[in-house]
Amino acid sequence: MLLPGYMAAMTKMFRIALPDGSVREMPEGSTPADVAAAIGPGLAKAALAARIDGEVRDITRPFEGDSNLALITSRDEKDALELVRHDFAHVLAEAVQNLFPGTQITFGPATDDGFYYDFAPAAGRGPFTDEDLPAIEEEMRRVIAADKPLVREVWDRERVRQFFIDHGETFKAEWVMELPEGEPITMYKTGHGPADWIDLCRGPHLASTGKLDPNAFKLTRVSGAYWRGDPKNPMLSRIYGTAWLNKKELDAYLVRLEEAAKRDHRKIGQEMDLFHLQAEAHGSVFWHPNGYIIWRELEAYMRRRLDASGYLEVKTPQLMDARQWEKSGHWGKYRENMFIVPDEIPHASDDESEDDRPILSGDADLMALKPMNCPAHVLIFNQGIKSYRDLPLRLAEFGCCHRNEPHGALHGILRVRQFTQDDAHIFVTEDQLVDEVVEFCDLLDSVYRDLGFDSYAIKLALRPDKRFGSDEEWDRAEQVLRDAVVKAGRATEEFGWEELPGEGAFYAPKLEFHLTDAIGRTWQVGTVQADTVLPERLDANYIGEDGQKHRPVMLHRAIIGTFERFIGIMIEHYAGKFPLWLAPVQAVVATIVSDADEYAADVAAKLAKAGIRVETDLRNEKINYKVREHSLKKVPLLLVVGKREAEEGTVALRRLGSEERQLVMSLDEAVAMITAEAVPPDLRR
Ligand SMILES: [Zn+2]
Ligand SMILES: [Zn+2]
């Protein structure tokens, strides 16, 4: 007989280190949930999952050895949301199979605002529709209310395959055979019984369906999606949902969606007559006069800021030979996104019969429209001998680039195929790197504030798995960017400072700058990357103080990203109500009676002479009608004139969206006030 003491001595104990530095001894077989319970009932209830040595795991999955443990609660919003959304996807799939027997399951990941699941509807049933959603939501609530445990089981591949074949799940059975043989596969069961719902899944999951808030999700829409994204495969039915940690978050999100729809740049762009898009030029914008005024003002502003910051502006070719793109590495890494153009030699014959000749012979050399400006800037750098005294050399270009993207990925002017970047490349010595990045951070900060964005986050995207360059080079490049943000005083919570493993470009780590707009959405626009690869590939060098050749480092940087997308973001941020200096039409002089027509023309002439973009509205319409129409077009200032104003030399000024009554002032006063207000922010300092 074994004595109890002996038993205890035989039990293996694991050392579990907690974030506060304390260590708990836990017997083999215990789980993070046990640790949470040992700390207190509050934490036991709040804990959703566990981070073990950095990896998110089920809270009920036993420790496998000494571990670092951080318990995840709803306060760890990012992790918690991802877990919850993935759970909702499982609950959705279970609910659909409960309601619609014969439906096959495929994949169902978490998304940025919720989740989706792709189903193959039962034979003869046809795709799901929006009408199915309320019933599915109700069934999901029932699954949640049943508070069923989500149980992780490890199976071998053959067992998984057989299981899915037995259950008529041909998609899953196909997929599992592509997982590496011999590796254990995890299956997640909702419930403990043999007939409970089960899915092949890497996990992790919450402990039970009851951890989900049944009022924190909403199924939003249904669309078609090909099995594994391939049009040759069967079409599946994809059900989308949005999911949050609680109802309050869901409601706030739905309000934000509604607000976003009101601000949609495509809708406002039409109301303000800014631009249009059409199928004959997929992903390229037709800028109308009003829209192009915003562009020109923004470009002029950026140019002044760059000029004042020591940049030199250049212009480089749209088309370059394929061999050049091979050298830069784009042909290998980026070709599928490039527009290729054959360099045909035009035939200059007058002989009319020659018209029948094919225009394209098929054996011409290839050229490509530039997808980025970087190689061209190195080619400029490489002209003539550069000395360390020439550095830093800042070459800027409002570079028009083309990138081929699938039509489905395009979105208004936010995602296009022809775009103009506020691009620049700064060639520096290693010693100048940190200071140059600090200077860039300062410039960018000031630009964002001038353009009306007071809040933005800075992220450092670290080395991806597939990359050029040695680990030492990456260590150094990442450290430079980190040091610069610290030196700029912005590696703080206020600036949302965060490092993102694996998200850097293949040739360099990058700092990303994410703007927060008026309704709390974030947009990545700015970036800076420290690159040693391209200068190497294109053999850029300078003569150092030692008289020897050295490689410069190349900083790729952009502040607003592209004009198209940034103007789209501004339209939505301002809901079309641009600050005066950017507004396409800054003022309209509107008459109340036709007696004031002549005076209205004088007022407009005076404003125009002062450089204000002004129009008159002399139509024989009620003033309220005119006010409504110009506010729909988001004209910031309306100067109303009638007989009295004409006699007294005054105007009655109304501001767009202002509750205040109109302000009566003398014409001279009004002109002085408006011209002062229309000065771009950088020219006021
Ligand atoms: Zn799953
Ligand atoms: Zn670049």
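Note that ligands are numbered from 1 as they come in the structure, with each ligand's atoms numbered from 1 the same way.
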Qualifying residue, where the test is side chain to side chain contact (heavy atoms under 4.5 Å, CB included) with Ile239 and the options are Tyr117, Tyr116, Phe119: Phe119

Under a 3.5 Å threshold, yes or no: a donor from one side chain and an acceptor from the other, between Arg159 and Gln162? no

With sequence neighbours left out, the residues meeting salt bridge (charged side-chain N to carboxylate O under 4.0 Å, His left out) with Glu94 are Lys148

Please give me the protein atoms (N, O or S only) lying under 2.8 Å from the Zn ion (ligand 2), ordered by chain and number. Cys374 SG, His425 NE2, His556 ND1

Is it the case that His205 and Asp58 place a side-chain donor and acceptor less than 3.5 Å from each other? no

Just to verify, which of Glu503, Glu473, Glu478 counts as forming a salt bridge (charged side-chain N to carboxylate O under 4.0 Å, His left out) with Arg463? Glu478

Counting only protein N, O or S atoms (no waters) closer than 2.8 Å to the Zn ion (ligand 1) gives 3

Let me know which of Arg238, Lys172, Arg228 forms a salt bridge (charged side-chain N to carboxylate O under 4.0 Å, His left out) with Asp118. Arg238

Going by atom types only, do Glu153 and Thr186 share a side-chain donor-acceptor pair under 3.5 Å? no

For Ile560 and Met302 the tightest heavy-atom approach is CG2-SD, 4.1 Å

Set of salt bridge (charged side-chain N to carboxylate O under 4.0 Å, His left out) partners for Glu436, sequence neighbours left out: Arg394

